[in-house]
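Start at 1 and go down the list; that is how both ligands and their atoms are numbered.
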Amino acid sequence: MSRILITGAAGNLGKVLRASLAGKYDTLRLSDVGDMDPAGPGEEVVKCDLANARAVQALVDGCDAIIHLGGMSVENTFDVILDANIRGTYNIYEAARKQGVRRILFASSNHAIGFHTRETQLDARSEMRPDSMYGVSKGFGELLARYYFDKYGIETASVRIGSCFEKPRDRRMMATWLSFRDFAALVECVIDADRVGYSVVYGASDNAEKWWDNRLAGHIGWVPQDSSQQFSDDPAIAGAVNAPTDPAVMFQGGGFAAAGHFED
Ligand code: NAI
Ligand code: 15L
């Protein structure tokens, strides 16, 4: 794998990967609809709207693998989700098929399964239960990836990322937290694995409260190193009082499950 395309490169996780993957592959092609820092050594910077099919064809040309992070990363109106996440992800897979890209990491989300209750243990075979239109769009992306593997052999790891931030922001994130270091290591495992096939991976660190079992993704070889326990004394965590019948507490998707519909 010598040229890796990262979509969503101007976003939080795109910036994390830009730094952590620097120098590890021949070329990082960094893309976003938003502004990015100029290209450094071993980098190419390409501004592109994922909803523009022709621009995405050109963007993907010459790439060996794609880390597809770009899109609307929280709940929004259907029109916004449609262009950024549904059309955008379709354009990426079509471009991959036409340009011969063999492997993709799709940044899915815990919100594809967010209506499972907190006491439910999930693995890669668990039913999708999206908690938002955003979660529905991630479910679409996962199914699209499954289809492009079965029909065209394009490998994908659909990573159902939990909460990838510097530190957990509330009690729920003690279970869903994914450290930047563990995230970057997971991305490298997906790029470097002998075979990914079609895989679903839950993106959480080695936290004490666990909802997700990654044994069915053991072939990817990712072993998270960090734990949210180091933050258990943080006032946002230790001081919080959570009612067990509050939908934001009952469901794995937290506030996304409790929120109303975003009108167009
Ligand atoms: P972010 O919102 O910081 O970054 C997303 C980037 O996508 C932005 O820079 C934005 O400009 C770009 N983008 C949006 N629409 C676009 C379009 N039409 N064309 C081109 N680029 C477009 O999100 P973050 O936190 O970096 O997340 C990255 C990915 O991981 C997203 O797909 C998100 O849904 C997913 N994810 C992130 C989680 C987290 O905890 N950070 C949790 C679960 C999933
Ligand atoms: C996500 O999918 C979002 O992109 C992120 O901003 C967080 O809200 C995260 O899920 C979460 O569930 O904590």
With heavy atoms and a 4.0 Å threshold, my read on which part of C164 contacts ligand 1 is both

Distance dump, ligand 2 polar atoms to protein, N/O, under 3.5 Å:
from: ligand 2; atom 1: 2 (O); to: S109; atom 2: OG; distance (Å): 2.8
from: ligand 2; atom 1: 2 (O); to: Y134; atom 2: OH; distance (Å): 2.6
from: ligand 2; atom 1: 4 (O); to: S73; atom 2: O; distance (Å): 2.5
from: ligand 2; atom 1: 4 (O); to: Y134; atom 2: OH; distance (Å): 3.2
from: ligand 2; atom 1: 10 (O); to: H111; atom 2: NE2; distance (Å): 3.1
from: ligand 2; atom 1: 12 (O); to: N110; atom 2: ND2; distance (Å): 3.0
from: ligand 2; atom 1: 12 (O); to: H111; atom 2: NE2; distance (Å): 2.7
from: ligand 2; atom 1: 12 (O); to: R172; atom 2: NH2; distance (Å): 2.7
from: ligand 2; atom 1: 13 (O); to: S163; atom 2: OG; distance (Å): 2.5
from: ligand 2; atom 1: 13 (O); to: R172; atom 2: NH1; distance (Å): 3.2

If you count every heavy atom of other residues, nucleotides or ligands that lies below 6.0 Å from E166 atom CD, does the total exceed 12? no

Worksheet entry | Geometric N/O contact G11 with ligand 1, under 3.5 angstrom | yes

Classify the angle between the aromatic ring planes of W212 and Y202 as parallel (below 30°), tilted (30 to 60°) or perpendicular (above 60°).
parallel

Under 4.0 Å between heavy atoms, the region of H68 that gets near ligand 1 turns out to be neither

Quick check: are there more than 12 heavy atoms from other residues, nucleotides or ligands sitting under 6.0 Å from OH of Y198? yes

Report task. Answer yes when E209 and R171 have at least one side-chain N-carboxylate O distance shorter than 4.0 Å, and no when they do not. Result -> no

*What do you reckon, is NZ of K167 surrounded by more than 12 foreign heavy atoms closer than 6.0 Å?*
no

Can you confirm, on distance only, whether ligand 1 has an N/O atom lying under 3.5 Å from any N/O atom belonging to I161? no

Any heavy atom of S31 under 4.0 Å from ligand 1? The part involved is neither

With distance as the sole criterion, is a donor-acceptor pair present between the side chains of E142 and S158 under 3.5 Å? no

(message) Please tell me whether H116 and S126 have a donor and an acceptor in their side chains that are separated by less than 3.5 angstrom.
(response) no

Any heavy atom of A9 under 4.0 Å from ligand 1? The part involved is neither

